[in-house]
Student: 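Here's a structure for you.
Counting begins at 1 with the first residue of the sequence. Note that the coordinates shown come from a computational prediction; the quantities given were computed from them, not determined experimentally.
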Amino acid sequence: MQSKVNHPCPSCGAVHSLTMFSLVEEIPYFGEHTQVTLSCDECGWRQTDFIPAQERQPCAMSLNMKDSSTLEARVVRSSSGTVRIPELGLEAAPGNHSTGYVSNIEGVFQRFIDIIEMLLRQAERDISTDDPDRDSAQSSQPQLQELLGILRAARSGDLAHPLTVELLDPHGHSAILHEEVYSRPLTDDELDTLEVGPTALILNPDD
């Protein structure tokens, strides 16, 4: 379903430029959900989120990467989901412009790889231009290179380093879809400290 939204774009402020697309589908292990995407015709801003048909409780899910077959485990990450790889100290928390996505574990690894590669490029620029943060950038390179090597190997199915993928969602809209996933309620401390992503827009589609 497609409809116009009576709300200014949160990015550029243009009025009458937002379009909402919604799609209802069934995902195994997750159930029926609605994928909602807002997009701006003026600036290209885009935000996607997932809303389960049934109300879900705040939850944390984790999957131990035992072999290469777990790389295909499906991941539904809503705009309120935090992704962690605790063995590597990596976390991707939702920000004000967070958007949801459907991927698999391999795709989650690739997203972390993209971020680390970006940080390495920034470090190289800082070092080459005598940036005030040159020493810090130089000292961070070995650790970033090590993380990159582990993640690239894991993405290719080499799980010599035991890894766990965790997905925590205060709204309960995210999920790791695999028969061996471990699910538990979020603790009070986690609920107090976890980011919840962007504030939902008040949507008023035109008739």
Side-chain angles (χ1 to χ4, degrees), residues 1-27 30-56 58-61 74-85 90-123 125-126 144 151 155 165-177 186 190-191 193-207:
M1 184 179 71
Q2 176 179 337
S3 57
K4 298 299 290 184
V5 176
N6 287 325
H7 197 287
C9 172
S11 179
C12 69
V15 295
H16 307 304
S17 66
L18 288 182
T19 302
M20 180 176 69
F21 303 88
S22 60
L23 174 66
V24 178
E25 62 178 331
E26 183 84 15
I27 295 180
F30 190 63
E32 183 180 293
H33 78 286
T34 302
Q35 177 178 328
V36 179
T37 299
L38 288 174
S39 64
C40 177
D41 299 332
E42 291 293 326
C43 70
W45 174 85
R46 186 181 181 89
Q47 180 178 322
T48 298
D49 213 343
F50 300 92
I51 304 172
Q54 296 181 340
E55 183 177 355
R56 292 174 175 264
C59 68
M61 294 187 170
R74 205 167 186 186
V75 176
V76 179
R77 188 264 194 180
S78 80
S79 64
S80 55
T82 293
V83 183
R84 293 174 178 169
I85 305 177
L90 297 177
E91 175 178 302
N96 291 333
H97 300 288
S98 177
T99 189
Y101 60 81
V102 175
S103 185
N104 56 20
I105 296 293
E106 182 181 357
V108 171
F109 286 158
Q110 184 60 53
R111 288 172 182 268
F112 279 109
I113 287 170
D114 291 342
I115 294 170
I116 294 172
E117 288 178 337
M118 180 187 68
L119 292 174
L120 279 169
R121 290 193 297 270
Q122 181 62 54
R125 285 194 294 269
D126 291 345
L144 291 173
L151 287 170
R155 181 195 58 188
V165 175
E166 296 182 347
L167 185 53
L168 303 88
D169 193 332
H171 293 163
H173 293 175
S174 301
I176 301 174
L177 312 178
L186 291 177
E190 288 170 333
L191 286 170
T193 57
L194 284 171
E195 299 292 338
V196 295
T199 302
L201 292 175
I202 300 174
L203 302 179
N204 295 304
D206 287 337
D207 295 330

Student: Please evaluate residues T48 and Q35 with respect to the criterion side chain to side chain contact (heavy atoms under 4.5 Å, CB included), reporting the C-alpha separation (whole Å), side-chain torsions for both, the decisive distance (0.1 Å), and the verdict.
Tutor: CA-CA 7 Å; T48 298; Q35 177 178 328; 3.9 Å; yes

Student: Go through the structure and list residues passing side-chain contact (heavy atoms from CB on, under 4.5 Å) with T34, not counting sequence neighbours.
Tutor: S22, V24, V36

Student: Give the minimum heavy-atom separation between C59 and G172, together with the two atoms involved.
Tutor: SG-CA, 4.4 Å

Student: State, yes or no, whether a side-chain contact exists between V196 and H171 at a heavy-atom distance under 4.5 Å.
Tutor: yes

Student: Report yes if some heavy atom in the side chain of V75 is under 4.5 Å from a heavy atom in the side chain of N104; otherwise report no.
Tutor: no

Student: Excluding sequence neighbours, so at least two apart, what forms side-chain hydrogen bond (donor to acceptor under 3.5 Å, both in side chains) with T19?
Tutor: K4

Student: What donor-acceptor contacts under 3.5 angstrom involve side-chain atoms of residues 112-121, with partners at least two apart or in another chain?
Tutor:
| unit_1 | atom_1 | unit_2 | atom_2 | d |
| --- | --- | --- | --- | --- |
| D114 | OD1 | Q110 | NE2 | 2.8 |
| E117 | OE2 | R152 | NH2 | 2.7 |

Student: List the residues meeting side-chain hydrogen bond (donor to acceptor under 3.5 Å, both in side chains) with S11, not counting sequence neighbours, and say none if there are none.
Tutor: none

Student: S98: what forms a side-chain hydrogen bond (donor to acceptor under 3.5 Å, both in side chains) with it, not counting sequence neighbours?
Tutor: R77

Student: Nearest 0.5 angstrom please: L90 CG to F109 CZ, how far?
Tutor: 10.0 Å

Student: Could you list the residues that satisfy side-chain hydrogen bond (donor to acceptor under 3.5 Å, both in side chains) with E91, not counting sequence neighbours?
Tutor: R84

Student: Before giving the answer on side chain to side chain contact (heavy atoms under 4.5 Å, CB included), spell out for L18 and W45 the whole-Å C-alpha distance, their side-chain angles and the decisive distance to 0.1 Å.
Tutor: CA-CA 9 Å; L18 288 182; W45 174 85; 3.9 Å; yes

Student: Do V102 and R74 touch side chain to side chain, with heavy atoms closer than 4.5 Å?
Tutor: yes

Student: How far apart are the closest heavy atoms of L186 and A60, and which atoms are they?
Tutor: CD2-CB, 3.6 Å

Student: Check whether any side-chain heavy atom of L168 lies under 4.5 Å from a side-chain heavy atom of E190, and answer yes or no.
Tutor: yes

Student: Do S39 and F21 make a side-chain contact, defined as non-hydrogen atoms from C-beta onward lying under 4.5 Å apart?
Tutor: yes

Student: Do S174 side-chain atoms and S78 backbone N/O form a donor-acceptor pair below 3.5 Å?
Tutor: yes

Student: As an exercise, state the distance from OG of S17 to NE2 of H7, rounded to the nearest 0.5 Å.
Tutor: 11.0 Å

Student: May I have the step-by-step check of side chain to side chain donor-acceptor pair (under 3.5 Å) for S79 and T99, ending in yes or no?
Tutor: CA-CA 5 Å; S79 64; T99 189; over 6 Å; no

Student: Ignoring hydrogens, what is the shortest heavy-atom contact between T82 and P94? Give both atom names and the distance.
Tutor: OG1-CD, 3.2 Å

Student: Take V108 and V83 through the side chain to side chain contact (heavy atoms under 4.5 Å, CB included) test and state the conclusion after the steps.
Tutor: CA-CA 8 Å; V108 171; V83 183; 3.8 Å; yes

Student: Let me confirm one number: the CD1-CD1 distance from I105 to I176, rounded to the nearest 0.5 Å.
Tutor: 5.0 Å

Student: So, S80 versus D169: side-chain donor-acceptor pair below 3.5 Å or not?
Tutor: yes

